[in-house]
Every structure is written in C-alpha cells, then in structure tokens.
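Bear in mind the structure is a predicted one, so any value in this text is a computation, not a measurement. Chain letters run A, B, ... following the sequence lines, proteins first and then strands; every chain starts at 1.
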2 protein chains.
Amino acid sequence: MNISEVAQRTDLPPKTIRYYEDIGLIRPERRENGYRVFSESDLHKLAFLGRARALGFSIEDCRTLLALYEDETRASGDVKRVAREHLERIEDKIAQLQSMRDTLTHLVRECAGDARPDCPILKDLAKG
Amino acid sequence: MNISEVAQRTDLPPKTIRYYEDIGLIRPERRENGYRVFSESDLHKLAFLGRARALGFSIEDCRTLLALYEDETRASGDVKRVAREHLERIEDKIAQLQSMRDTLTHLVRECAGDARPDCPILKDLAKG
DNA sequence: ATAAGGGTTCCAGTCACAGGAAGGTCAAGG
DNA sequence: CCTTGACCTTCCTGTGACTGGAACCCTTAT
C-alpha cells in the first residue's frame, strides 16, 4: 500500500503519517525506489493512533498506549491510569473554559454592541 | 519602574512582558543603561492584557482589543463582535472536550484496571 | 575587590503537525 | 521515445505564546 491509500483509509493526512514514522510510532518498509510500503499492521496502528488522538491523547500517551496494546502481558491497570490522568486534564480544561465562557457570556450580554464607544467588556478588562 | 516590579504588580512573568514588547503590544521607554522603564500606562496595558489572556483571547485579539480600548471613538459593536467570536470558539472547544470526556469516562468505568491484560479501552482504540 | 541580585540580548525548545520547494518515479497516451 | 500529470521523496520553515538557558552588563552592599 502506498501512502495516499493509507491516508484515505485511516483518514490521516500523508504529512501526519510521515511525521508518525519520523517520531518512531510506525516503521513501514521501503521499496527499492524509496517509496513507503504499508502493511495491514501499519494500517491498523495508524487507525489506532487516529482514534487515540481524536480522544485527545498526547503523542507520548499514544506511544505508551500503542506499546501497551502490543504487549500481550500488559496490565489493564496501566492503560486505565493513562486514561484516567488524561481524563483529569480534560476535566480541568473544561472547567477552565466554562469559567471563561460564563464571564464572557455575561459581558457580551451586557454590551450594547452598537456604534457608541461605551463598552462593559473593555471596562471589565481595564479594571477587572 | 523596572521589569521585576511590573511583573509583581501585573502577575506576569518578566519573559512575557519582554515578549509583549517584542511583538509591539507595549513600548516602554529605556534608561541610558538599556533598562526598560515602565510608566503607569504601560502597567495598565499589561494588566489589561493579562485579563484578556486570562479570558482566553488570542494575542491578536488582545492587540485588537487594546487598540479599541485606546480608541475613544470606537464602536462597542466592534468589541462585542470580537468577544462573541471568541465565545463561539470556546463553546465549540467545550463541546469537543465534553464529547471526549464522555467517551473516556465510559471507557475508564468499563476497564477493570487490574493486572490482567484484557482492556476495553485498548479494544475500543483498536477497533473504534 | 567581590559577590549577589538586578537587568539585557539572543538562541533553542515546546506540540503536532501544515505548507511549500526541489526533485525522483511511474503509468498512460501520442 | 517523449511527455504529461499524478504520485512519491526529503528538507526547511512556520505556527502560538511563551519558557529556559547562556553569556554578558549594571548596581549596590560588604
């Protein structure tokens, strides 16, 4: 399989696939002409990575998860710990964004939004 | 005022303050020895920037907001538009994170998290 | 004279790619 | 056989908003 077919089937850009090889997440073979040849296993790993990334896992988390996936003697506790830590970071991020949203929603509602210069948003930023 | 005092009073790291000068958000004067001298106006702007950044506005949004703040003939509609667009991006981000959180919460709950290799999290990543 | 604690600039690194240039390869059509 | 166009390759740069560190200057106190 060439890279563009893999890109289609995994829904990952070719650039991303090359990058994943670059940082050692996959190791596709090469033809004599230098082209990458992807095996079903490579395809599978890339799909795995795509889904892990879609869940927001960092590349380093993905590396860990992939290693655990390939290790038949893994402990599910190790996987769960990675997922729980990631989940915590997500929840923190959500809380932070919600706080911003609440403040902004309030400010936007207060602002007339017309041609006059008077603005509660700027007022708030200027003297918090 | 020297940079470290400004850093304390605005709760911004000196590095950040220098960076803001670098990208033209502030223009503190210089002493003969090359040290920056910050005026009350600089201090005020930095505090403004700190609060705008805390609400998640991008640096470019901050530049726009600061310009609007300094323009006495501004229309509050312009401010409101920037804020509303930012608010929308935040809400999109929250929705995206919540979706990740829901999936992850479910997976984490399903996973035994013990010494055995069987793991629903990996199973999900492997076959979506 | 020296040491501590300011200040300065400049360079590299972060994260996860994306864009683009320069050039090699391959299959089809004239 | 030649060309065209669609692939493929590597390499370099840029993104956002800083942070860390090196190398060096300035000021004040001992």
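- Salt-bridge check for B/Lys123 with B/Asp118: passed, with a basic side-chain N closer than 4.0 Å to an acidic carboxylate O.
- Panel note: side chain B/Arg74, backbone B/Leu68; a donor-acceptor pair is recorded below 3.5 Å.
- Follow the hydrophobic side-chain contacts under 4.5 Å out from A/Val6 and you reach A/Ile23 in the same cluster.
- Defined by atom type and a distance below 3.5 Å, a donor-acceptor pair is missing between the side-chain atoms of B/Thr64 and B/Asp61.
- The nearest whole Å value for the distance from the CD1 atom in B/Ile59 to the P atom in D/dT15 is 14 Å.
- A/Tyr20 comes within contact range of the sugar-phosphate backbone alone, with a heavy-atom separation under 4.0 Å but no base atom that close.
- Distance CZ (A/Arg18) to P (D/dC7): 13 Å, rounded to an integer number of Å.
- Where B/Lys15 and B/Glu5 each meet DNA chain C at their nearest nucleotide, the meeting point lying more 5' is that of B/Glu5.
- Under 4.0 angstrom from either OP1 or OP2 of D/dC18 there lies at least one side-chain N or O belonging to B/Arg53.
- Not one N or O on the side chain of B/His86 forms a donor-acceptor pair closer than 3.5 Å with the backbone of A/Leu104.
- OP1 or OP2 of D/dT19 has at least one side-chain nitrogen or oxygen of B/Thr16 nearer than 4.0 Å.
- Whole-Å rounding puts the B/Arg63 CZ to D/dG16 C1' distance at 13 Å.
- The pair B/Arg9-B/Glu40 meets the salt-bridge criterion, since a charged nitrogen lies less than 4.0 angstrom from a carboxylate oxygen.
- The stretch residues 22-46 of chain B comes close to DNA chain D through B/Asn33, B/Tyr35, each having a heavy atom under 4.0 Å from the strand.
- In this structure, A/Phe57 places its CZ atom 13 Å from P of C/dA16, rounding to the nearest Å.
- Rounded to whole angstrom, the span from the CD1 atom of B/Ile3 across to the C1' atom of C/dT9 amounts to 12 Å.
- Atom P of nucleotide C/dT8 and atom CG of B/Asn2 are separated by 7 Å, given to the nearest angstrom.
- Contacts of A/Pro13 with the nucleic acid, taken as non-hydrogen atoms under 4.0 Å apart, involve only primed sugar atoms and P, OP1 or OP2.
- Rounding to whole angstrom units, CD of residue A/Glu60 and P of C/dA16 are separated by 8 Å.
- In this structure, the OH atom of A/Tyr19 is 17 Å from the P atom of D/dC12, given to the nearest Å.
- Salt bridge absent: B/Arg18 and B/Glu21 never bring a charged side-chain N and a carboxylate O closer than 4.0 Å.
- For D/dC8, one of the phosphate oxygens OP1 or OP2 lies less than 4.0 angstrom from a side-chain nitrogen or oxygen of A/Ser4.
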